[in-house]
Amino acid sequence: MTGFYLVDHPNPNAPVRDNGVRMWAYPTRRKPVDLVVIHTPVAPYVPAGADTSAEKVARYFATTERAVSAHAAVDADSTVDLLPPGYTAFHTRGYNSRSVG
């Protein structure tokens with residue numbers, strides 16, 4: 001176990017990458033990071049301790065047929081590390097190789 005959800009939970013719908021893991025991401029980076037991308041899905045208010053949206057996003061990325069991923073998912077009470085910062089996630093077309101998302 002690496003501690004990164006998308007590395008530890010290979011996506012059966014994604015291609016096998018250089019590291020031998022099925023994922024919608026590259027295990028390397030072509031450019032240095034100079035951009036942080038924050039996507040903010042809006043959900044109704046959930047009391048602390050009951051918010052599972054970060055975990056649901058992680059499960060979605062690990063099972064979807066769409067080419068999508070990110071480095072972390074955050075909700076009101078948790079953070080799920082999805083990919084190491086040195087990986088290229090598929091989260092912002094045209095900026096993936098130079099950003100963390």
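Residues: numbered from 1 along the sequence shown.
The closest side-chain heavy-atom distance from Leu6 to Tyr87 is not below 4.5 Å. Contact check for Leu82 versus Ser69: no side-chain heavy atoms found under the 4.5 Å cut-off.
Linking Ile, Leu, Val, Met, Phe, Trp and Tyr residues whenever their side-chain heavy atoms come within less than 4.5 Å leaves Val100 and Val68 in two separate clusters. When hydrophobic clusters are built by joining Ile, Leu, Val, Met, Phe, Trp and Tyr residues whose side-chain heavy atoms come closer than 4.5 Å, directly or via intermediates, Val21 is grouped together with Val80.
Take Tyr5 and apply the side-chain hydrogen bond (donor to acceptor under 3.5 Å, both in side chains) test, not counting sequence neighbours, and it matches no residue. By the ring-ring contact (aromatic ring centres under 6.0 Å, His included) test, Phe90 is found to be paired with Tyr26, residues two or more places apart in sequence or in another chain being considered. Annotation: side-chain hydrogen bond (donor to acceptor under 3.5 Å, both in side chains) contacts of His91 (sequence neighbours excluded): Ser99. For Thr28, the side-chain hydrogen bond (donor to acceptor under 3.5 Å, both in side chains) test picks out no residue, with sequence neighbours left out. Among residues two or more places apart in sequence or in another chain, the side-chain hydrogen bond (donor to acceptor under 3.5 Å, both in side chains) test is passed with Asp75 by Ser78.
Note that OG1 of Thr88 and CE of Met23 are 11.0 Å apart. Values are rounded to the nearest 0.5 Å.
Pairs engaging residues 3-15 under the salt bridge (Lys or Arg N to Asp or Glu O under 4.0 Å) rule: none recorded [sequence neighbours left out]. Among pairs with a residue in residues 17-30, none fulfils salt bridge (Lys or Arg N to Asp or Glu O under 4.0 Å), at least two apart in sequence or across chains. Pairs of residues two or more places apart, or lying in two chains, that qualify as salt bridge (Lys or Arg N to Asp or Glu O under 4.0 Å) and include a residue from residues 84-101 are Asp34-Arg98. Applying the salt bridge (Lys or Arg N to Asp or Glu O under 4.0 Å) definition to pairs two or more places apart or across chains, none involves residues 62-74.
Checking side-chain atoms of Asp81 against main-chain N and O of Phe4 turns up no donor-acceptor pair under 3.5 Å. Thr64 contributes no side-chain N or O that, together with a main-chain N or O of Tyr60, makes up a donor-acceptor pair within less than 3.5 Å.
Cluster partners of Val74 are absent, since no Ile, Leu, Val, Met, Phe, Trp or Tyr has side-chain heavy atoms less than 4.5 Å from it.
Here the closest non-hydrogen pair linking Ala89 and Leu83 is CB-CD1, 3.8 Å. The shortest heavy-atom contact between Asn11 and Phe61 is ND2-O, 3.1 Å.
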